[in-house]
Structure formats: C-alpha cells, structure tokens
Amino acid sequence: MTQYDYDLFVIGAGSGGVRAARMASGHGVRVAIAEQRYIGGTCVNVGCVPKKLFVYASQFRDQFDAAAGFGWTVGKSTFNWPSLIANKNQEIERLHAVYNNLLLKSGVSIITGRANLLDVHTVAVDGTEYSAERILVATGGWPFVPDIPGKQHIVTSNEMFFLDQLPKRIIIAGGGYIAVEFASILHGLGVNTTICHRGHKLLNGFDEDIRDFLAHEMTRKGINILFNTDIEAIESADDCFAAQLVDGSKISTDLVMYATGRIPNSTGFGLEKLGVELDSKRAIKVNSDYQTNVPSIYALGDVTNRVNLTPVAIAEGMALTNKWYANQPISVDYDNIPTAVFCQPAIGTVGLTEAQAREKYSDIDIYKTSFTPMKNTLSGVDEKNLIKMVLIRSTDRIIGVHMVGSDAPEIIQGMAIAIRAGATKAIFDSTIGIHPTTAEEFVTLREIET
Ligand code: NDP
C-alpha cells in the first residue's frame with residue numbers, strides 16, 4: 001500500500017481532466033477528480049456543445065427562406081428563446097449524467113467543491129484533505145475582459161448561454177473565435193448585431209484570404225463589422241447601454257458582449273504558494289511531459305494555453321496517463337491540428353496558412369476557388385464558398401487546406417487525415433470526386449493561382 005490516498009488527483013472535470021481521470025482509472029490506479037462548478041467544464045457547459053446547439057437554432061431562418069426556392073411554402077415562423085435555453089439546459093443535464101456515470105463506472109472518486117493545494121502531494125476540498133502521488137491541474141480558462149469604465153454592464157460567453165431574453169441589438173467586442181461565432185448565432189436569431197474589433201481583420205492567425213472572405217460574407221448577411229476601433233467605456237442609459245468608441249462616437253445597444261480572449265484559471269488555489277511557475281499570460285508552464293517545475297504537479301489543456309481546443313486537451317489527457325500507467329511515450333502531435341470556427345458561413349482549416357508557408361518554404365503553390373454551392377442556386381441565399389490549398393511545389397506535398405462554407409468543419413476533418421498522411425496534390429488529383437458535392441472541389445482544383 002502506498003502512502004497516498006490516491007495515485008492521481010485531478011483538479012478540474014473538463015474535457016482534459018475527465019479523460020485523464022477515466023483513462024488512469026482504467027489502468028487500475030486510484031483516481032479522484034475535484035470539480036467546483038460544472039462537470040464537463042467549458043466545452044459541455046458554456047462552450048462547444050451549447051454553442052453548436054445555438055448554431056443549429058440560428059440556421060433555421062435562412063433555411064425557411066431557402067425552402068421557397070425549392071417549392072415549399074413555409075408558414076409564419078416565430079422563435080422562442082426561453083424554449084431554446086430550456087431544451088439546451090436539458091441536454092446539458094443529460095451530458096452531466098453521462099459524464100458522471102462514465103467517471104463512476106471507471107472507478108473514479110468524484111469530489112464536488114473547490115480544490116486547494118496544501119502541499120505538493122496534498123489537496124483540500126471543503127476542509128477534507130486528500131493526498132496523491134501525482135496532482136494534475138486541468139482547470140481550463142475563463143473569459144478575459146479588459147478594464148474599462150462600465151465593465152460591470154457587459155456579459156461574456158458564459159452568460160450568453162443563460163440570458164433570460166434575447167436582446168434586439170448587441171455589440172460584440174473582439175474579432176476571434178467566440179466573437180464571430182456569437183455574431184453569426186445572434187444575427188441568425190434576428191438580433192441586430194455589431195462586431196467591434198480593434199484589429200483590421202477578423203480571426204488573427206487564420207489565412208488572409210479566409211479572413212477577408214469571412215468578413216465579406218458576414219457583412220453581406222447584414223452583420224455590422226467595425227474594424228480598427230475599440231470600446232472605451234460603457235454607460236447605462238434607461239433600458240439600454242451606450243458604448244463609447246475610441247473615436248468619441250457612441251452606439252446605443254441592448255447588450256454588450258465581450259469576447260476578447262480567455263485567461264488560464266491558474267491562480268487562487270495554491271499553485272503560487274507551491275512555487276509552480278506561470279508564464280506572462282498566467283498559463284502554467286509545463287515540459288513535454290506536462291510536468292510543472294514542481295515534480296509531482298502536472299497540467300494540461302487550456303490552463304497551459306498551448307492549443308486551447310477540447311480535442312487537444314483530451315489527447316493530452318490520454319497521452320499523459322498512457323505514459324504514466326502503460327509505459328507509452330507521449331504522442332500528441334501539435335502540427336496540423338485541424339480547427340473549425342462555427343460562424344456562418346463556417347470555417348475549417350488545417351496546416352499552414354499561405355503566409356506561414358511562404359515564410360518557411362521558397363516554392364509554394366496556391367490553388368484557390370470560390371463558388372456558389374449548388375443548394376444556393378435555388379435557395380436564393382447569397383452565400384459563397386471559398387477553398388484554398390497550399391502546397392510545396394518541389395515535393396507536391398499539401399501543407400495547408402482552408403475552407404469557408406457551411407460544410408467546412410465536416411470536410412476539413414477528412415482533409416486533416418490526408419495531410420497527416422502526407423498527401424500530395426497528385427494523390428488529390430487522382431482521387432475520384434463525389435458528385436455533386438462541395439467536397440469534390442478539393443480533387444478538381446487545377447489552376448495554380450498566379
Ligand atoms: P481569441 O483569442 O480567438 O480572440 C480574442 C479577440 O479579442 C481577438 O480578436 C483579439 O484581438 C481581441 N482582444 C484581445 N484583447 C483585447 C482587448 N484588450 N481589447 C480589445 N480586443 C481584444 O479568443 P476568444 O475569446 O474568441 O476564444 C478563446 C479561445 O477559445 C480561442 O482562441 C480558441 O482557442 C477557443 N475556442 C475555440 C472554438 C472552436 O474550436 N470553434 C470556439 C470558441 C473558442 P487581436 O486579434 O487584435 O489580438
């Protein structure tokens with residue numbers, strides 16, 4: 001018998017923590033997981049899952065409109081926000097039960113409450129102390145809101161999932177993932193939507209053509225995008241708010257949402273006291289084995305601010321526990337991680353942007369096409385798709401694939417496999433297309449962009 005209560009104590013039952021706990025327990029070791037807020041973490045409660053449900057909800061208006069072109073007469077449609085929230089909450093409750101069962105069935109002890117690190121092997125939760133050989137911190141992140149006068153009036157994505165009523169007008173600060181996803185959702189639900197972004201383009205880090213194309217399509221749909229500006233202050237005025245911009249102008253609105261990034265949840269539970277090193281953005285510093293500078297304390301997922309995506313945290317949890325308890329080497333490959341942005345039209349992307357590729361290689365070819373998807377020939381919906389491929393001329397290897405279009409997230413998942421397998425343009429060209437689809441455009445790209 002070891003000297004510890006547990007072999008592994010996980011703090012935070014989000015995507016990464018739950019997977020690590022379950023896998024570890026499956027390897028036969030004694031595992032506990034502590035959670036103070038909601039099981040499933042950001043993804044299940046205030047992130048990926050409810051967001052995608054909202055995305056579906058927001059697409060119906062266009063679909064009702066589009067139906068007419070196909071001969072349908074659709075009656076007057078109305079939307080009920082409280083009903084969406086109630087149904088969404090019910091689904092999240094179901095997922096809580098699923099997560100709980102999965103953990104319990106794997107033999108993990110679930111401890112509800114806020115964990116505090118007492119020493120390098122001891123955690124206290126609500127006055128009870130637990131010792132563990134290893135402690136894994138998987139506490140995720142939290143919305144960051146800059147300090148501005150009137151900050152108390154704003155909401156973040158956390159609150160958006162539980163609003164009592166939908167506003168008529170909203171201003172969204174930020175130009176990243178969450179800003180563009182929520183702008184699309186709210187616009188789709190009939191909210192007059194304005195994005196207020198400090199930069200000159202949306203989605204920093206994405207391929208430039210994708211950034212331009214998305215802004216164009218979102219604007220065409222009716223979303224108001226203000227670039228190169230920032231909110232200086234927010235005032236409460238009667239039953240609405242006034243956002244004062246840096247140029248002195250004011251915009252009246254019913255709600256202001258901030259989507260200006262997320263910061264790691266790394267403070268206030270004892271890491272500082274134990275000397276665990278954080279970086280300048282408060283992310284826990286870890287080595288390639290996810291180990292902090294304190295040997296018994298490990299961290300993964302958003303709290304380490306590497307690649308803040310659920311599937312990455314899950315992969316990290318699996319890799320780490322496989323290393324500890326099944327003697328396997330760490331196997332997370334951070335190259336070619338595909339990602340999607342569920343704005344409308346959606347974005348899917350994997351590999352290098354054109355700019356990144358040109359910086360790294362001297363012989364880059366670009367293939368690009370934009371087109372009206374077949375559905376929109378009759379739907380009357382004025383939305384186009386963009387496909388872009390980046391490859392190395394000398395080897396013919398494809399190193400980046402980017403797409404804007406409603407099916408992009410589904411299509412790019414498959415592209416990511418091809419890229420990881422080292423696919424060349426010749427392999428794409430010799431692949432028979434599936435007709436008629438949007439995806440077939442990827443195997444019929446013939447003209448190099450000059
Ligand atoms: P992002 O980092 O994607 O975007 C933050 C945005 O806020 C940027 O446009 C940034 O501008 C702007 N910003 C940052 N600080 C300030 C400030 N002080 N004042 C004004 N603007 C500011 O963060 P999000 O909050 O959108 O999302 C957080 C992370 O969550 C994402 O990076 C992603 O990893 C993950 N996520 C993934 C999703 C998915 O997979 N579909 C969906 C949602 C989130 P600038 O560009 O100039 O820095």
Side-chain angles (χ1 to χ4, degrees), residues 14-16 41-56 140-151 154-161 171-185 194-206 208 210-211 214-215 218 225-234 243-246 256-265 280-283 301-316 334 337-350 403-404 408-410 412-413 416:
S15 305
T42 301
C43 176
V44 168
N45 296 277
V46 287
C48 329
V49 174
K51 180 270 308 286
K52 190 81 187 279
L53 295 175
F54 281 12
V55 169
Y56 288 130
W142 197 253
F144 158 76
V145 180
D147 256 328
I148 54 158
K151 182 177 175 176
I154 67 99
V155 293
T156 67
S157 51
N158 283 353
E159 293 77 42
M160 289 303 294
F161 291 108
I171 296 176
I172 302 176
Y177 275 83
I178 297 179
V180 298
E181 289 185 341
F182 265 96
S184 296
I185 289 167
T194 299
I195 290 180
C196 187
H197 178 39
R198 69 179 179 183
H200 68 294
K201 287 186 189 185
L202 301 171
L203 293 176
N204 211 349
F206 282 67
E208 295 297 312
I210 299 291
R211 300 174 76 186
L214 178 73
M218 286 177 75
I225 308 177
L226 306 176
F227 288 112
N228 302 312
T229 187
D230 217 343
I231 299 175
E232 215 166 46
I234 298 160
Q244 184 181 321
L245 307 188
V246 282
V256 182
M257 172 188 174
Y258 263 72
T260 42
R262 295 174 60 86
I263 38 171
N265 264 332
S280 59
K281 292 186 171 157
R282 303 214 320 231
D302 287 9
V303 77
T304 60
N305 196 28
R306 284 181 168 187
V307 182
N308 299 333
L309 299 172
T310 281
V312 174
I314 289 173
E316 291 174 347
Y334 291 90
I337 292 174
T339 183
V341 189
F342 293 93
C343 42
Q344 292 164 43
I347 294 174
T349 175
V350 58
M403 177 175 175
V404 187
E410 303 292 344
I412 293 297
Q413 180 68 82

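Bear in mind the structure is a predicted one, so any value in this text is a computation, not a measurement. Quick note: numbers below take in every heavy atom, side chains included, and nothing from hydrogens, waters or symmetry partners. One-based numbering, in listed order, for ligands and for the atoms of each. Starting from 1, each residue takes its place in the sequence as its number.
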So which heavy atom in the protein is nearest [atom], and how far is it from that ligand atom?
| atom | value |
| --- | --- |
| atom 17 (C) of ligand 1 | Arg198 NH1, 3.4 Å |
| atom 42 (C) of ligand 1 | Glu181 OE1, 3.2 Å |
| atom 29 (C) of ligand 1 | Arg262 CD, 4.2 Å |
| atom 6 (C) of ligand 1 | Ala259 O, 3.6 Å |
| atom 1 (P) of ligand 1 | Gly176 CA, 4.1 Å |
| atom 34 (O) of ligand 1 | Asn308 O, 3.0 Å |
| atom 46 (O) of ligand 1 | Asn204 ND2, 3.2 Å |
| atom 2 (O) of ligand 1 | Gly261 CA, 4.3 Å |

(message) As an exercise, identify every atom of ligand 1 less than 4.0 angstrom from a heavy atom of Lys51.
(response) 41 (N), 42 (C)

(request) Just jot down the ligand 1 atoms closer than 4.0 angstrom to any heavy atom of Gly175, in number order. (result) 6 (C), 8 (C), 9 (O)

(request) Specify whether Phe54 and Phe161 have parallel, tilted or perpendicular ring planes, treating 30° as the upper limit for parallel and 60° as the lower limit for perpendicular. (result)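 Answer is tilted, since the angle falls between 30° and 60°.
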
(request) From the options Leu309, Val341, Val145, select the one whose nearest heavy atom is closest to atom 40 (O) of ligand 1. (result)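 The option holding the nearest heavy atom is Leu309.
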
Can you tell me which portion of [X] lies within the under-4.0 Å heavy-atom range of ligand 1? Options are side chain, backbone, both, or neither.
| X | value |
| --- | --- |
| Asp230 | side chain |
| Ala340 | backbone |
| Thr260 | both |

(message) Below 3.5 Å, N or O to N or O, backbone or side chain included: is there any such pair between Phe144 and ligand 1?
(response) no

(request) Look at the side chain of Glu181 and the backbone N and O of Phe342, then say whether any donor-acceptor pair between them is shorter than 3.5 Å. (result) yes

(request) Taking Thr260 for its side chain and Phe144 for its backbone only, find out whether a donor-acceptor pair lies under 3.5 Å. (result) yes

Enter the distance from [X]:[atom1] to [Y]:[atom2] here, rounded to the nearest 0.5 Å.
| X | Y | atom1 | atom2 | value |
| --- | --- | --- | --- | --- |
| Leu309 | Ser15 | CG | OG | 10.5 Å |
| Lys151 | Ile231 | NZ | CD1 | 13.5 Å |
| Glu410 | Met403 | CD | CE | 10.5 Å |
| Ile337 | Thr349 | CD1 | OG1 | 12.0 Å |
| Ile225 | Ile195 | CD1 | CD1 | 5.0 Å |
| Asn308 | Tyr177 | CG | OH | 9.5 Å |

(request) Any chance you could lay out the side-chain hydrogen bond (donor to acceptor under 3.5 Å, both in side chains) test for Asp302 and Asn305, step after step, and finish with the verdict? (result) CA-CA 5 Å; Asp302 287 9; Asn305 196 28; over 6 Å; no

